[in-house]
Amino acid sequence: DARTEREFDESHIVTARRIEQSPTGEYLVPNPEDLGYVRYCVVYDCKTSSLDYYDYDEEEKETGTLEPALANSFLVSLATEEGTSVLHAKNLEQFTRHPVLILKGGYRRFSAYYPFLGTQKILWMPQELDNYQPYPVEVLPAKLYMGTFKQACDKKVQKDLRIKALVNVCEEPVTPFAEGGESLHISVPDTLEADLFSSFPTIAHFIDAQLDRGAVLVFSSLGISR
């Protein structure tokens, strides 16, 4: 989090660390040794104006169309002009094995889409971090998600993501909703070798029929091979 201390204290992304300055004005890299083992390092400021953020929602309203590659675009590369988040990202990239990403639109845009992923909590105990449960993977913004059996059973996940339909692609029974909702059960083993192709027409028809009502979560035991 490359914003000010006041902005960070008001609200920040869950588990985010704020980039602080030393008494001499130099920016401090949080745990540079640990950064070498981080798979995803994402930097964000308030609105990332240096990325020349374009309002894709307005484009969709005006034209009725939106490029698929842009519809799900929140993370961008460092190939852009200088800015607060860009400078911090380049600094952090010296310590990581993988590319550092920048959150397009900054915290302002992210929090508007995902208010439930914001918090005022600053200090986390190691056990809390170990027990923190991630949300399902977003395939189509606010429409289609992929996750695990445990996430499908989580009523908070259903509420936060506004899940109205479930596609259960594993051998366990269909997960009931707290308040109604539609479900489709495709009973196949949760393996990479399982035959999903023969069920594609049924699954696609179900998803298409449900998207107008709300979001759809496709899940299996581990949420990996689907």
Are side-chain N/O atoms of Asp45 and Tyr107 paired as donor and acceptor at under 3.5 Å?
no
So, for Pro189 and Ala194, which heavy atoms are closest and what is the spacing to 0.1 Å?
O-CB, 3.2 Å
CZ-CZ distance between Arg3 and Arg18, expressed to the nearest 0.5 angstrom
9.5 Å
Could you walk me through whether Asn168 and Leu166 pass side-chain contact (heavy atoms from CB on, under 4.5 Å), step by step?
CA-CA 6 Å; Asn168 180 0; Leu166 297 171; 5.7 Å; no
Does the distance from a Lys or Arg side-chain N to an Asp or Glu carboxylate O, for Lys156 and Asp154, drop under 4.0 Å?
no
Taking the side chain as every heavy atom from C-beta outward, state whether Ile13 and Leu103 have any pair of such atoms under 4.5 Å apart.
yes
How long is the gap from NZ on Lys143 to CD on Gln210, to the nearest 0.5 Å?
11.0 Å
Which heavy atom in Leu117 sits nearest to a heavy atom in Phe110, and how many Å separate them?
CD1-CZ, 3.8 Å
Look at the side-chain heavy atoms of Ile, Leu, Val, Met, Phe, Trp and Tyr, link any pair under 4.5 Å apart, and say whether Phe197 and Val169 land in one connected group.
yes
Nearest 0.5 Å, please: how far is CG in Leu144 from CD in Glu138?
9.5 Å
To the nearest 0.5 Å, atom CG of Asp1 lies from atom OG of Ser11 at 9.0 Å
Hey, mind stepping through Leu217 and Leu161 against side-chain contact (heavy atoms from CB on, under 4.5 Å) and telling me if it holds?
CA-CA 9 Å; Leu217 172 61; Leu161 300 183; over 6 Å; no
Measure from the side-chain N and O atoms of His12 to the backbone N and O of Glu7, and report whether any donor-acceptor pair falls under 3.5 Å.
no
Inspect the surroundings of NE2 in His185 and state if more than 12 heavy atoms from other residues, nucleotides or ligands are less than 6.0 Å away.
yes
Nearest heavy-atom approach of Tyr145 to Ile163 is CD1-CD1, 3.8 Å
Could you check whether Tyr114 and Tyr135 have their ring centres less than 6.0 Å apart?
no
Greater than 12 external heavy atoms within 6.0 Å of Glu5's CD
no
Nearest heavy atoms of Ile102 and Val42, plus distance in Å
C-CG1, 4.4 Å
Give the intermediate values and the outcome of side-chain contact (heavy atoms from CB on, under 4.5 Å) for residues Arg108 and Tyr44.
CA-CA 10 Å; Arg108 180 179 297 179; Tyr44 65 90; over 6 Å; no
Around atom CZ of Arg213, are there more than 12 heavy atoms from other residues, nucleotides or ligands closer than 6.0 Å?
yes
Gln158 (side chain) donor-acceptor with Cys153 (main chain) under 3.5 angstrom:
no
Which atom pair, heavy atoms only, marks the closest approach of Thr96 to Cys41?
CG2-CB, 4.5 Å
Would you please test Arg39 and His98 for side-chain contact (heavy atoms from CB on, under 4.5 Å) and show each step?
CA-CA 6 Å; Arg39 177 64 181 88; His98 303 280; 3.6 Å; yes
Interatomic distance, Ile19 atom CD1 to Asn91 atom CG [nearest 0.5 angstrom]
7.5 Å
Do you know the tightest heavy-atom contact between Ala2 and His88?
CB-CD2, 3.2 Å
Can you check whether Pro136 reaches Val157 side chain to side chain, under 4.5 Å on heavy atoms?
yes
Value rounded to 0.5 Å, distance of CD in Glu172 from OG in Ser187
8.5 Å
Leu184 and side-chain contact (heavy atoms from CB on, under 4.5 Å): which partner among Val216, Val218, Ile207, Ile203?
Ile203
With a 4.5 Å cut-off on side-chain heavy-atom distances among I, L, V, M, F, W and Y, is there a chain of contacts connecting Phe206 to Phe200?
yes
Under 3.5 Å, is there a donor-acceptor pair between the side chain of Gln151 and the main chain of Pro134?
yes
Does the side chain of Phe8 reach to within under 4.5 Å of the side chain of Ile122, using non-hydrogen atoms?
yes
